[in-house]
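The sequence lines fix the lettering, A, B, ..., with proteins before strands; numbering per chain opens at 1. In what follows, every heavy atom counts, from backbone to side chain, and hydrogens, waters and symmetry copies are set aside.
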Amino acid sequence: MIYDFNSIEKKWQKFWADNQTFKADNNAEKPKFYVLDMFPYPSGAGLHVGHPLGYIASDIYARYKRHKGFNVLHPQGYDSFGLPAEQYAIQTGQHPAITTEANIKTYRRQLDQLGFSFDWSREVRTSDPKYYKWTQWIFIQLFNSWYNIDSDKAEDIASLITIFSSEGNTNVNAVCDEDIILFNAAEWNSFTTKKQQEILLQYRLTYLAETEVNWCPALGTVLANDEIVNGVSERGGHPVIRKKMTQWSMRISAYAQRLLDGLNTIDWPQPLKDSQTNWIGRSQGAAVTFYTADEKKYPISVFTTRPDTIFGVSFMTLAPEHELVAEITTSEQKAEVEAYIEATAKRSERDRMADVKTISGAFTGAYAEHPFTKEPIPIWIGDYVLAGYGTGAVMSVPCGDQRDYDFAKHFNIPIPNIFEGVDISEEAFADKEKTIIANSDFLNGLSYKKAVKTAIYELEKLGQGKGKINYRLRDAVFSRQRYWGEPFPVYYVDGMPQMIATDYLPITLPEVEKYLPTETGEPPLGNATTWAWDTVANKVVANAEIDNKRVWPLELNTMPGWAGSSQYFNRYMDPHNNNAIFSEEAINYWQDVDLYIGGSEHATGHLLYSRFWQKFMFDRGFVPKDEFAKKLINQGMITGTSAFVYREEGTGNVISKNLINGKSVIPIHADVSLVNASDELDVEGFRNWQKDYKNSEFILEDGKYIVGREVEKMSKSKYNVVNPDAICEEYGADSLRLYEMFLGPLEQSKPWNTAGITGVHSFLKKLWKLYHSGADSSFVISDEEPTKDSYKTLHKTIKKVEEDIENFSFNTSVSTFMICVNELTAQKCTSKEILEPLAILVSPYAPHIAEELWSKMGHSKSISTAEFPKFEPSYLVESSKKYPISFNGKMKFTMELSLDLSKDEIEEAVMEHEKTQQQLQGRTPKKVIVVPGKIVNIVG
RNA sequence: GCUCGAGUGGUGGAAUUGGUAGACACGUUGGACUUAAAAUCCAAUGGACAUUAGUCCGUAUGGGUUCAAGUCCCAUCUCGAGUACCA
């Protein structure tokens with residue numbers, strides 16, 4: 001009987017589906033284990049061989065944990081809102097829901113054929129109204145919450161209203177907008193409802209605010225910083241400009257410190273933690289207030305990490321956008337300042353980035369007063385100061401900061417030296433550790449640390465400063481001018497946002513004629529004709545019914561891509577619950593994700609926002625853990641191996657790689673499916689594929705055309721995409737699963753080369769043969785007592801595979817299986833004692849063949865219910881060891897010695913050996929190092 | 001520029017606390033079987049010299065620690081990822 005993988009795999013995939021083998025129970029006696037993959041965006045291109053890498057790894061782990069007696073939750077779903085489907089809709093008029101549905105079908109078929117043990121009964125789709133009902137629900141919870149710094153957590157907005165109406169806001173310590181007015185209880189109670197709502201909005205965790213955004217006119221949308229590459233949109237490469245818009249924001253900044261602290265409690269890759277740490281960008285220093293030297297005494301607050309250098313300030317720099325600029329600029333300087341502001345506004349992000357070195361700025365003509373020396377300090381504006389960071393103003397200390405130094409040099413501003421014994425004639429001195437402060441009044445002679453403390457103390461005495469921690473992390477804009485996203489459960493009464501009661505969720509996406517922004521520049525939902533909220537009937541009605549009494553307009557923006565993915569891991573716990581985002585029983589049973597596998601590209605997007613929402617959900621008592629994933633692994637990327645043919649310039653001949661010899665050629669991508677393992681091109685196939693080359697002359701070497709190879713990212717445009725469907729057809733899913741693991745460590749990126757798959761495929765055939773040693777290769781398994789060697793082979797395999805899986809070293813397990821099967825084949829082992837546990841060992845990696853062998857051995861239940869074989873160390877105990885005998889650290893020969901020997905006995909035996917004498921050639925060794933069980937090294 | 005990660009045969013990669021470098025595969029070469037091909041099996045395969053032993057060199061480069069270094073320390077180079085004037 002041959003190994004007919006195609007029918008075996010189909011058979012077991014059907015068995016698993018029919019029997020719901022991997023359906024997870026929400027209240028089992030067994031301990032829980034939650035293995036999660038980052039769910040995919042279902043793109044039109046389908047899966048290529050790089051996509052399943054992480055899914056295979058997590059599937060192996062999930063299957064292993066089942067064997068180990070855990071109740072495993074291993075769900076899968078789709079992040080199905082997103083721009084590509086919308087772009088396609090704009091181009092073709094096809095509704096994104098239809099495109100998405102079709103793409104999901106392809107994904108599902110491709111995932112199924114790989115034999116994953118997903119519990120598909122729990123599938124979620126972010127674009128499904130039954131799912132996004134709960135995304136809208138979370139939004140409402142955020143709206144109805146504020147961040148209390150005293151309790152250091154989010155609380156219900158009702159508690160804030162209670163405080164306002166009983167004592168006003170003077171004692172409230174909250175994370176809120178900067179421009180808060182102070183009021184007492186009586187004033188609060190006398191405010192109009194609208195006024196009260198305006199004030200509350202300044203405290204809510206999601207709030208409407210005027211934000212400066214990256215507006216892309218061509219796409220009609222706002223882009224996040226990470227959606228802009230080199231100043232143009234990542235998709236399409238359209239120009240991006242800065243623009244002010246009223247948008248929903250998330251007060252993630254409230255959680256900056258906790259997001260930082262939480263990193264210490266989770267087992268995530270260090271590079272990922274580092275990039276979140278950088279993104280949050282905590283810096284400790286002081287807020288200092290300077291006052292202008294004129295009679296108006298405008299306060300200018302700055303943030304500095306170096307309050308110890310305050311006596312080195314020789315000018316101040318404001319961002320050109322700073323609101324004080326217009327107020328303080330003198331009439332003489334007005335023209336110059338305005339010209340500079342205009343020039344910077346025109347400069348695109350791209351120009352600014354490409355040109356970091358150019359120093360530019362303008363003098364405002366105004367002066368500030370130094371808090372201690374009372375000397376006048378000139379106030380400049382310069383675009384190296386960013387309006388969006390800190391206060392948009394800096395105290396410039398040219399001797400201690402290179403940018404300030406460069407600016408001062410360029411504009412001939414004095415550079416006072418406040419460091420003892422340091423030369424600053426060439427560059428600024430930014431070292432904190434070796435600093436001794438000089439020329440600084442009461443700070444003279446102090447070290448950095450002491451000077452910082454003293455400076456802050458003195459500033460506080462003056463009432464002109466205090467210690468402060470600043471974060472780079474900005475509140476996250478949550479509005480998108482797009483169609484294919486979650487609608488907000490929000491309508492507007494007199495311009496003030498109102499939440500729709502959660503009973504009436506979901507608010508489903510309206511139908512529109514066109515998916516583009518409206519002619520008046522409103523988002524695509526502005527095209528909807530049935531998009532108004534009837535506050536009495538509590539339903540969406542036609543826009544024509546808007547009377548601004550009972551029927552009001554609905555929000556036109558939709559939510560960003562990360563909305564749907566920020567709590568999906570919790571929704572999987574109870575995905576069909578229509579009364580709650582999840583039941584208490586479900587969340588209390590599953591708690592959190594034990595293992596999360598996905599790409600590192602989500603480091604500062606999805607993974608930061610999810611942690612933020614999780615902490616919010618924790619504060620409000622919805623979830624028991626404030627971090628959602630205990631352990632996270634980034635799988636590396638599988639790159640493609642592109643193939644190139646070379647067209648000679650001039651002649652147009654296509655020259656085989658080794659015949660180029662310095663000729664001037666242009667490399668052209670060839671489809672990798674036209675190239676065999678020996679880099680030979682199917683010339684006829686190439687001619688038929690690229691009609692332009694139909695009649696070109698191909699210059700061959702030894703009758704073959706040899707292509708060039710290069711490792712690149714797998715993409716359609718490089719013709720290097722390898723599709724898993726064809727591989728499953730030719731070698732089977734088990735081969736593909738094994739091979740993807742065999743390629744190398746999970747976390748490393750590595751190039752794909754289909755040729756190597758024959759190695760794991762023939763391993764599976766050998767495995768099959770081990771169980772089919774009868775006449776006509778029929779199934780044979782015996783009750784014979786296994787040999788010692790067979791036991792040893794099995795148990796060293798159990799040990800290694802178990803260690804490997806626990807350490808996520810899946811590549812080495814595959815090698816271990818190969819060695820095991822090679823050895824058992826040589827031993828002619830047919831014992832059930834050995835072959836039964838072997839099938840279980842293999843089953844997480846190659847589940848189809850394992851199920852088939854398992855059932856042939858007479859089992860009626862799935863192999864996934866079998867217990868993982870227990871490692872028995874006694875089978876590996878050795879009585880002797882083949883010692884490597886080294887001379888001066890270099891191994892010369894080996895010697896078999898009993899492990900019972902003492903150090904001295906070993907030394908004696910080694911010294912007596914004739915090869916030792918031969919090596920020594922009569923010399924007496926200076927020293928003999930004996931490490932029992934390891935090595936002998938003879939020195940001298 | 002800064003932060004982080006990585007450099008091992010022709011290729012993917014192995015190598016526990018420092019203890020036989022190159023496991024396991026791919027590829028290549030030779031052989032068996034076959035009319036032939038595929039499949040399968042056997043042997044060789046880091047480099048150089050010697051081809052019988054054997055000797056020397058080898059884990060990016062240069063130093064160091066050690067009886068012993070791919071592994072630890074210092075410096076340099078190269079590649080990859082993240083970030084972009086963060087005061």
Nearest-angstrom distance, [atom1] atom, [N] to [M]:
N	M	atom1	result
B/G10	B/G18	P	30 Å
B/U34	B/G19	P	50 Å
B/G63	B/G13	P	29 Å
B/U20	B/C67	C1'	16 Å
B/U45	B/G82	C1'	41 Å
B/A53	B/U71	P	33 Å
B/A69	B/U61	P	15 Å
B/C4	B/G58	C1'	30 Å

Once you round it to whole Å, what is the distance between [atom2] of [N] and [atom1] of [X]?
X	N	atom1	atom2	value
A/K927	B/A68	NZ	P	9 Å
A/K926	B/U66	NZ	P	14 Å
A/R472	B/C2	CZ	P	18 Å
A/W279	B/A81	CH2	P	17 Å
A/N888	B/C67	CG	C1'	8 Å
A/D383	B/C85	CG	P	11 Å
A/E747	B/G5	CD	C1'	11 Å
A/Q276	B/G82	CD	P	15 Å

Is the shortest side-chain heavy-atom distance between A/F429 and A/Y405 below 4.5 Å?
no

Non-hydrogen side-chain atoms of A/V394 and A/M316 separated by less than 4.5 Å:
no

Are there any protein N/O atoms within less than 3.5 Å of an N/O atom in nucleotides 10-21 of chain B, and if so, which ones and at what distance?
| unit_1 | atom_1 | unit_2 | atom_2 | d |
| --- | --- | --- | --- | --- |
| B/G12 | O2' | A/L743 | O | 2.4 |
| B/G13 | O5' | A/L743 | O | 3.4 |
| B/G13 | O3' | A/N811 | ND2 | 3.4 |
| B/A14 | OP1 | A/N811 | ND2 | 2.8 |
| B/U17 | O4 | A/K934 | NZ | 2.2 |

Can you pull the salt bridge (Lys or Arg N to Asp or Glu O under 4.0 Å) pairs that have at least one residue in residues 302-315 of chain A, sequence neighbours excluded?
A/R306-A/D308

Tell me which pairs pass salt bridge (Lys or Arg N to Asp or Glu O under 4.0 Å) where either residue lies in residues 393-410 of chain A, with sequence neighbours left out.
A/D401-A/R403

Look at the rings of A/Y845 and A/F810 and say which category their plane angle falls in: under 30° parallel, 30 to 60° tilted, over 60° perpendicular.
perpendicular

For A/H772 and A/W768, take the angle between the two ring planes, folded into 0 to 90°, and tell me which bin it lands in: parallel under 30, tilted 30 to 60, perpendicular over 60.
parallel

Of the options [options], whose atoms approach the side-chain atoms of [X] most closely?
X	options	result
A/Q919	B/C4, B/U55, B/A87	B/U55
A/I819	B/C85, B/C24, B/U40	B/C24
A/V939	B/C85, B/C41, B/C67	B/C67
A/L386	B/U3, B/C26, B/C86	B/C86

Start with the C-alpha distance between A/K796 and A/E823, add both sets of side-chain angles, then the distance that settles side-chain contact (heavy atoms from CB on, under 4.5 Å), and finish with yes or no.
CA-CA 12 Å; A/K796 79 178 181 196; A/E823 287 181 4; 3.0 Å; yes

Quick check on the 6.0 Å ring-centre criterion: do A/F315 and A/F411 meet it?
no

Under the criterion salt bridge (charged side-chain N to carboxylate O under 4.0 Å, His left out), I'd like the reasoning laid out for A/E907 against A/K903: C-alpha separation, chi angles, the key distance, then a yes or no.
CA-CA 6 Å; A/E907 184 173 339; A/K903 266 189 171 188; over 6 Å; no

For A/Y389, all residues meeting ring pair (Phe, Tyr, Trp, His ring centres under 6.0 Å), sequence neighbours excluded
none

A/N822 near the nucleic acid: base, sugar-phosphate alone, or nothing, with a heavy-atom cut-off under 4.0 Å?
sugar-phosphate

Using the side-chain contact (heavy atoms from CB on, under 4.5 Å) rule, take A/L608 and A/L473 through it: C-alpha gap first, then chi angles, then the decisive distance, then the call.
CA-CA 11 Å; A/L608 196 61; A/L473 184 69; 4.0 Å; yes

On RNA chain B, does the nearest nucleotide to A/K892 precede the nearest nucleotide to A/R474 from the 5' side, or the other way round? Give the residue.
A/K892

A/Y384 side chain near B/A87 phosphate (N/O to OP1/OP2, under 4.0 Å):
no

Give the residues of residues 303-317 of chain A touching RNA chain B, defined as any heavy atom closer than 4.0 Å, sorted by residue number.
A/F303, A/T304, A/T305

Do the side chain of A/D776 and the main chain of A/S778 share a donor and acceptor less than 3.5 angstrom apart?
no

How does RNA chain B read in dot-bracket, base by base from 5' to 3', with Watson-Crick or G-U pairs under 3.5 Å and | used when the partner is on another strand?
(((((((..(((......[....)))((((((.......))))))((((....))))..(((((..]....))))))))))))....

Is B/G82 syn or is it anti, if syn means the base angle is within 90 degrees of 0?
anti

